[in-house]
2 protein chains.
Amino acid sequence: MAIDTSIPIPIYYQIKQEILQDINAGYLQPGDRIESEEKLAKRYDISRMTARHAVTQLVNDGYLYRVHGKGTFVCTPRVEKSVATLTGFAEDMQRKGYQSKSKVISIEKLIPTEDIQETLNMKAKEQIYQMKRVRYANNTPISYQTTHLPAAMFPDLEQYDFTHLGLYETMSEHYDVEPVYATQKIESKNSSLETAELLEVEEGVAMFFVERITYSDGNKPMEVTYSWHRGDKYVFEMKLYSE
Amino acid sequence: MAIDTSIPIPIYYQIKQEILQDINAGYLQPGDRIESEEKLAKRYDISRMTARHAVTQLVNDGYLYRVHGKGTFVCTPRVEKSVATLTGFAEDMQRKGYQSKSKVISIEKLIPTEDIQETLNMKAKEQIYQMKRVRYANNTPISYQTTHLPAAMFPDLEQYDFTHLGLYETMSEHYDVEPVYATQKIESKNSSLETAELLEVEEGVAMFFVERITYSDGNKPMEVTYSWHRGDKYVFEMKLYSE
DNA sequence: AAGTGGTCTAGACCACAGA
DNA sequence: CTGTGGTCTAGACCACTTG
């Protein structure tokens, strides 16, 4: 991929993604030395400080480590910051250096089931938005999600095109609603026919089924999402601490 | 304190410590705005990039946060957020009020695969204990686990009867080895025939496959366990926090 | 000696926030 | 408009590693 200096995506960010993709694609293996900052700068025709900025971010994110006088190397994959933080699909994928996009299957305003109603702490007959999306990473379908949101909290949500927009991003930007924490239940289930077709796998293959309830300020529930994740493409990683 | 540019302590580091001390001394309260990068640079007679470097480090360390166009502010002190705790099967079940027991399928002393060897940070030809157990909750088989332990760390482990003993409990009591943290990868897979038979389910049903690497003091790996958990009986629950 | 990362300069232009 | 952080340049010298 070429570095584009004409559009307003920071150069250091583009370099960072390039390196990340080389790591994820396996061109760069754990322990490999990456190009020196000087060479990166020359190759992309940028200043060394900019190249260094990109590398610094990847060092901070735990992908690379520097050795003075020797070079900068690829880390053995780490876990650390994976599961404990509340992030959306788009952000997750971006962090791993994948291109993410969504296919919006449907977005409707309707009256929810009692379960959802109760979970979202809503009165009877109040409406919600229900959105169904298939999520892709590098054009491979990974997840199928059904999201439920209180309509009163997100008026005119259907005006946004969620093909490339993250939901949390949109909530934050246009509705000033920030997710604060979420509870999550992860199950392992055999895929239904519908899910299998949408995610382009065989019926019955093992998948993750995840229920996530997201809360914003003041413990106010703002989202209930059910997700199917392909078992062959998705891994949950986490760090556990004693006591 | 004065900034000393003559000795080989990086300037950015000295600035960083100055700001940190102001925070710890209470001169800078949570929410307070700190001096702008420009002013820091002028006051210490350094370039803005150097001042920025100091601030960046404090941002990365979670002491400060930046707001574009407004300034840089002191964070509210972090609250400890224990997300997931490191517990063994027996303890898990007990906590949920189930009777737990195990059927020890095998316990052997052998030379491990290279993978295990590497993960456990062992020399070639060093031996491990490999133990296979089926774990029950209220007499229902729930999990099938294969555990690998450095034999040198747990001499004569085979003398203990793990039908009712927890592994972590035994380690702590008889070997003075305490698990400190673990990394865990959770996958969703269709059950193999062997696993299905041991756990009394149909072949191919969705299950969790979990790799857990447990570390004791000094980041010393002490255990690698692969677990199959029945998808129809097992749920992972967790709380996620933003940022 | 050559190559690497570590630090630093003295500017520059931009995007965003607020008066 | 001014002041802020965000990005970037084109150099520089240093300290560390390896040949």
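Proteins get letters first, then strands, A, B, ... in listed order; numbering begins at 1 in each.
In this structure, A:His148 has its ring center under 6.0 Å from that of A:Tyr226. Ring to ring, A:Phe208 and A:Phe236 are close: their centroids are under 6.0 angstrom apart.
We find that CE of B:Met49 is positioned 14 Å from P of D:dG5, with the value rounded to whole Å. The distance from atom CZ of A:Arg33 to atom C1' of D:dC16 is 14 Å, rounded to the nearest whole Å.
No more than 12 heavy atoms of other residues, nucleotides or ligands sit less than 6.0 Å from atom CD of B:Glu118.
Nucleotides of DNA chain C lying under 4.0 Å from heavy atoms of chain B occupy a range whose first and last members, 5' to 3', are C:dT7 to C:dG18.
Using a 4.5 Å heavy-atom cutoff, the side chains of B:Ile34 and B:Leu58 are not in contact.
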Apply salt bridge (charged side-chain N to carboxylate O under 4.0 Å, His left out) to residues B:Arg43 and B:Glu18 and explain how you reach the verdict. CA-CA 13 Å; B:Arg43 183 153 72 87; B:Glu18 293 259 319; 5.4 Å; no

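Between B:Tyr215 and B:Tyr181, the two ring planes are parallel [angle under 30°; tilted spans 30° to 60°].
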Kindly give the atom pairs (protein nitrogen or oxygen, nucleotide nitrogen or oxygen) under 3.5 Å for nucleotides 17-19 of chain D.
residue	atom	partner	partner atom	Å
D:dT18	OP1	A:Lys70	NZ	3.2

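Using modelled atom types, one finds a donor on one side chain and an acceptor on the other under 3.5 Å when comparing A:Glu223 with A:Thr225.
We find the OH-CD distance between B:Tyr13 and B:Gln17 to be 4.0 Å, quoted to the nearest 0.5 Å.
Positionally, the nearest nucleotide of DNA chain D for B:Arg48 lies more toward the 5' end than for the other of A:Arg48 and B:Arg48.
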